[in-house]
Number of protein chains: 2
Amino acid sequence: MSRKTFQRLSLDDRRRSLMEATLTCVARHGLHGATVRRITEEAGVTVGLVRHYFGNKDDMIRNAYAYLVGQLTAQASESAKHTVAAPETQLARFLRANMTTPNMSEEKVSLWATFIGRVRHDADFAEIHRDGYREFLNVLETLIEPVLINHQRPHSIAACKRHAIALNGLIDGLWMEGALNSGLYGQDILPDLVIEASERLLGIPSGVLANAQPSQQPQSEVS
Amino acid sequence: MSRKTFQRLSLDDRRRSLMEATLTCVARHGLHGATVRRITEEAGVTVGLVRHYFGNKDDMIRNAYAYLVGQLTAQASESAKHTVAAPETQLARFLRANMTTPNMSEEKVSLWATFIGRVRHDADFAEIHRDGYREFLNVLETLIEPVLINHQRPHSIAACKRHAIALNGLIDGLWMEGALNSGLYGQDILPDLVIEASERLLGIPSGVLANAQPSQQPQSEVS
DNA sequence: CCAGTTATTATACAATTGATTAATTACAAA
DNA sequence: TTTGTAATTAATCAATTGTATAATAACTGG
């Protein structure tokens, strides 16, 4: 008899709510288990809204993926540019952020991997991935260059890009394996491990990143 | 009313055929698009065989994942232990193998990523992944230790493991991003990039891995 | 060549899927 | 308050899903 009471949300709010419910369901049940009914139930609405806001399920999932990548890259660049600090500090903080929660979470890695599997056959997924990857590389290059300069290392655009590619590979790989936590080692070793490995990859003296001032005062140690 | 003619295969052959068809379909259509009908059609049989050989679809997929991981680790250790050569040569060959076809293929990366998304919620998937990861780390440790010794670097078990974790992260990350080929750079730069990065990570002189004698005879500049 | 075993096919079935439509009702504007 | 708009619900639909069962035929051992 009585219909379900509901609330009319703005277009942006409802779309975001549905995209977040989509990500929750994909993380929890995989792509094949993220059905329209489960997603809308998670969002607290009925199935008709999918058509109303996204046209169909596939488009909703595509939008949810773009939303996820946007979150990941946003928090990446944010943790980098957040404060004014020495380049070494900024880079060190960025590296640590990617090896600790909330950035390194099992749920995000699972989501990321699940969607990566679709990049190959869906042009929209491929574009979303490429944009996110490019953004991540750009952030890394921006962080790396001043550190190289400070320590008299080659810092051409090509050199910076090459370093960014290597560092991104290192971060991606450890981010994934670390979050999955296979139990072969503790995740707590990863921040220091990444810092040390990055020092070696960049060819800068040991300790430059490890001992960088955490956040407060930029070290005026350039001479 | 002619029935389909068929061939009776041995248990192992039929199971392998079904697992390979499963991987093909998952790579092509994703987990949600890998239906029993598509898989069995790919394998050239009818749907009833899934129940007969695996009980149900989920078990077939689990077995296919284990089959994939077995392939990946097998070709990894094989490319390492293939010939008797200097430790530097063996490590260099292993690194290059992971940055070139057939190891670095878009299909394998897509498959790998798709399944990784399930590790979190399925204990069987988690175990399969952990075993493969452990095997990969072991191979790396075995390859790294003699190289460290040859160049008077610290080579305790702990140090080797630490280096293996970092190198594995680097390889995993570049293997993924490289295979997906976002177009931001050419995949052909990756073998040399990985070699150079590994030299730095291990703290061995530049060129030790890059100039290691390949198995056959290409580089004529060292005569 | 024949009989027995069982791998394999063919078909059926209930459940679930994504999509669509018409009926409601929340909310803003007047 | 009243009215108009459109966000949302509820119900229906055909198609597809995984599973189950009986009929068939390929192969093996005698």
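The structure displayed is predicted, hence computed values, not measured ones. For the numbers below, each heavy atom of this structure counts, side chains included, while hydrogens, waters and symmetry mates do not. Chain letters run A, B, ... following the sequence lines, proteins first, then strands; residues in each count from 1.
- Nucleotide C:dT6 holds its C1' atom 17 Å from the CG atom of B:D13, rounded to whole Å.
- Between B:F6 atom CZ and D:dA26 atom C1' the separation is 5 Å, expressed in whole Å.
- Look at B:R162 and A:E196 and you find a salt bridge, because one of the NZ, NE, NH1 or NH2 atoms lies within 4.0 Å of a carboxylate O, short of that distance.
- Here the C1' atom of nucleotide D:dT8 and the CZ atom of A:R15 are 17 Å apart, to the nearest Å.
- Across the protein-nucleic acid pair, A:R38 atom CZ and C:dT17 atom P stand 7 Å apart, rounded to whole Å.
- Following rounding to the nearest Å, B:H52 (NE2) and C:dT11 (P) show an atom-to-atom distance of 20 Å.
- Between C:dA19, D:dT17, D:dC27, one nucleotide has an atom nearer to the side chain of A:N56 than all others, and that is C:dA19.
- If you check every strand for non-hydrogen atoms under 4.0 Å, B:R14 touches sugar and phosphate atoms only.
- Among the protein residues, B:T35 comes within range of the sugar-phosphate backbone only, with heavy atoms under 4.0 Å from sugar or phosphate atoms but none that close to a base.
- Looking at B:E177, B:M104, B:R96 one by one, the single match for side chain to side chain contact (heavy atoms under 4.5 Å, CB included) with B:L190 turns out to be B:M104.
- One interatomic measurement links the two molecules: CZ of B:R51 to P of C:dT8, which rounds to 16 Å at whole-angstrom precision.
- When each of D:dG18, C:dA26, D:dT8 is scored by its nearest atom to the side-chain atoms of A:R8, the top-ranked nucleotide is C:dA26.
- The 5' end of DNA chain C is approached more closely, in terms of each residue's nearest nucleotide, by A:G33 than by the other of A:Q7 and A:G33.
- Along DNA chain C, the nucleotide nearest to B:V47 and the one nearest to A:T5 differ in position, and the one closer to the 5' end is contacted by B:V47.
- In this structure, B:L9 places its CG atom 14 Å from C1' of C:dT9, rounding to the nearest Å.
- Rounded to a whole Å, the CG atom of A:L49 is 13 Å from the C1' atom of C:dA26.
- Comparing A:G48 and B:V36 by the nucleotide of DNA chain D whose heavy atom lies nearest to each, the residue mapping closer to the 5' end is A:G48.
- Here A:R38 does not pair with A:E42 in a salt bridge; the nearest charged N to carboxylate O distance is not below 4.0 Å.
- A salt bridge links B:D13 to B:R16: at least one charged side-chain nitrogen sits closer than 4.0 Å to a carboxylate oxygen.
- The residue A:V50 sits apart from the nucleic acid: no heavy atom pair falls under 4.0 Å.
- Under 4.0 Å is where a charged nitrogen must lie from a carboxylate oxygen, and between B:D131 and B:R134 at least one such pair does.
- Of the side-chain N and O atoms in B:Y53, one or more sit less than 4.0 angstrom from OP1 or OP2 of C:dT8.
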